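Single-structure report; data block below.
Not measured: the values here are computed from a predicted model. Numbers for residues simply follow the sequence, beginning at 1.
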Amino acid sequence: MLDPRKLRLLRELARRGTIAAVAEAVMFTPSAVSQHLGALEREAGVPLLERTGRTVALTPAGRLLVEHADAVLEQLERASAALAAVKGGPAGALRIGAFPTAARVLLPPALAELAGAHPRLEPMVSEIDPADVSAALRAGELDVALVHEYDFVPPVTDASIETEPLFSEPMYLTDRPSIAAARADAWITGKPGTLCHTMAIRACQASGFEPRVRHHIDDFDTVLAFAAAGQGVALVPHLAATTPPNGVTLTRLDLSRRTLAAFRRGNSAHPAIKAAVASFRTATATLPL
């Protein structure tokens, strides 16, 4: 019988590439991860890994097992959700991840809604970049998360994650009538590796130039303050642009940012997840969109 816990480790190895990265994600030692994967090979009865020096790759049998692992782990999530549903209403810890704008604007009314409707739930919020959400959900560090996606940037979630759309908002450019008109300007973008940074770079490339990035800042309030100080131009979403500082003009673009709720595939019927998504939808109705 194959152990689902070991299947999770094999799936993480397929996505992360190294035993060290898997160990860091699941808070095991590399030795413990190797031992569990070795035990999984013995359970499977065929080689799952090819070891060459310090590197490890999946064999064809290993890749095949990962495909089945996704289905097995999804069914386990469904079973867990079904059991939670028969126990009664939502209760216990609910680990929520959110990007900064959502944490500031959407979560306060959503958490108030949750507290009133489900007082036995204990929401626990962590700020996280959407690019890191899938790994955190798979590792069990989060139960549900708010993620965003932009035009020019593909979705950041993988096949192990389900999403439900919540709302869309337009994007604005500071102090210029178009992106093309900002070709010669210094730019303020998010830190490299974030979706905000990727979106800004690709939006400029679509207008025919590589932006000259001067500042890397993730907080949009700070971005707007830098723009007001003449430090560069920037792309900002609607929810971050409702009260721009004096001296900053905003041009609405034909670009958008979409916010979604994300959770492990198979977990949509879990009472706590359903309660969280319902609270997000209620709070969405209060947003200045």
Is a side-chain donor or acceptor of [X] paired with a backbone partner of [Y] at a separation under 3.5 angstrom?
| X | Y | answer |
| --- | --- | --- |
| T163 | L260 | no |
| S256 | E169 | no |
| T198 | T194 | yes |

Please say yes or no: joined through hydrophobic side-chain contacts below 4.5 Å, possibly via intermediate residues, are [X] and [Y] part of one cluster?
| X | Y | value |
| --- | --- | --- |
| V147 | I161 | yes |
| L106 | Y150 | no |
| L121 | M124 | no |
| V248 | I217 | yes |
| W187 | M171 | yes |

| More than 12 heavy atoms from other groups under 6.0 Å of CZ on R252 |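 Check fails, neighbour count at 12 or below.
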
Testing the basics here: between [X] and [Y], what is the closest heavy-atom pair and its distance to 0.1 Å?
| X | Y | result |
| --- | --- | --- |
| G62 | L10 | O-CD2, 3.9 Å |
| R258 | S168 | CG-OG, 3.7 Å |
| L13 | I19 | CD1-N, 3.8 Å |
| P237 | Y172 | C-CD1, 4.4 Å |
| A262 | V133 | CB-CG1, 4.4 Å |

Would you give the length of the straight line joining atom [atom1] of [X] to atom [atom2] of [Y], rounded to the nearest 0.5 angstrom?
| X | Y | atom1 | atom2 | answer |
| --- | --- | --- | --- | --- |
| I188 | H197 | CD1 | NE2 | 13.0 Å |
| R78 | R264 | CZ | CZ | 13.5 Å |
| L48 | L37 | CG | CG | 8.5 Å |
| R11 | L58 | CZ | CG | 13.0 Å |
| D132 | F99 | CG | CZ | 14.0 Å |
| L289 | F167 | CG | CZ | 6.0 Å |

Find out whether [X] and [Y] are in side-chain contact, i.e. whether some heavy atom of one side chain is under 4.5 Å from a heavy atom of the other.
| X | Y | result |
| --- | --- | --- |
| F280 | T259 | no |
| L114 | H118 | yes |
| L235 | F220 | no |

| Do D175 and T249 have side-chain atoms, one donor and one acceptor, less than 3.5 Å apart? |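 Side-chain D/A pair, D175 to T249: present.
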
| field | Donor on one side chain, acceptor on other, S178 and R176, under 3.5 Å | value |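 Checked: S178/R176 side chains show no N/O donor-acceptor pair below 3.5 Å.
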
| Going through the checks in order, is the side-chain contact (heavy atoms from CB on, under 4.5 Å) test met by S160 and R15? | CA-CA 11 Å; S160 68; R15 287 183 165 89; 4.0 Å; yes

| task | For I201 and F152, run side-chain contact (heavy atoms from CB on, under 4.5 Å): C-alpha distance rounded to whole Å, both residues' side-chain angles, the deciding distance at 0.1 Å, then the answer. | result | CA-CA 9 Å; I201 298 300; F152 300 120; over 6 Å; no

| request: Evaluate side-chain contact (heavy atoms from CB on, under 4.5 Å) for I96 paired with L111, printing each intermediate quantity in order. | output: CA-CA 10 Å; I96 302 172; L111 294 177; 4.2 Å; yes

Residues [X], [Y]: salt bridge by 4.0 Å N-O rule:
| X | Y | result |
| --- | --- | --- |
| R138 | E12 | yes |
| D185 | R212 | no |
| E43 | K6 | yes |

| message | Using the salt bridge (Lys or Arg N to Asp or Glu O under 4.0 Å) criterion, which residues pair with R42? Sequence neighbours excluded. | response |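 By the salt bridge (Lys or Arg N to Asp or Glu O under 4.0 Å) rule, R42 matches no residue at all.
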
| field | Pair listing, side-chain hydrogen bond (donor to acceptor under 3.5 Å, both in side chains) test, anchored in residues 216-225, at least two apart | value |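 Found K191-D218, D219-T222.
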
| query | Should the pair F226 and H215 be assigned to parallel (<30°), tilted (30 to 60°) or perpendicular (>60°) ring geometry? | reply |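 Judged by the thresholds at 30° and 60°, the geometry between F226 and H215 is perpendicular.
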
For residues 25-34, tabulate all N or O donor-acceptor pairs below 3.5 Å that involve a side-chain atom, not counting sequence neighbours.
{"unit_1": "T29", "atom_1": "OG1", "unit_2": "A32", "atom_2": "N", "d": "3.0"}
{"unit_1": "S31", "atom_1": "OG", "unit_2": "Q35", "atom_2": "NE2", "d": "3.2"}
{"unit_1": "S34", "atom_1": "OG", "unit_2": "P30", "atom_2": "O", "d": "3.2"}

| request: Under the salt bridge (charged side-chain N to carboxylate O under 4.0 Å, His left out) rule, what do R257 and D151 come out as? Steps first, then yes or no, please. | output: CA-CA 7 Å; R257 181 173 81 166; D151 297 338; over 6 Å; no

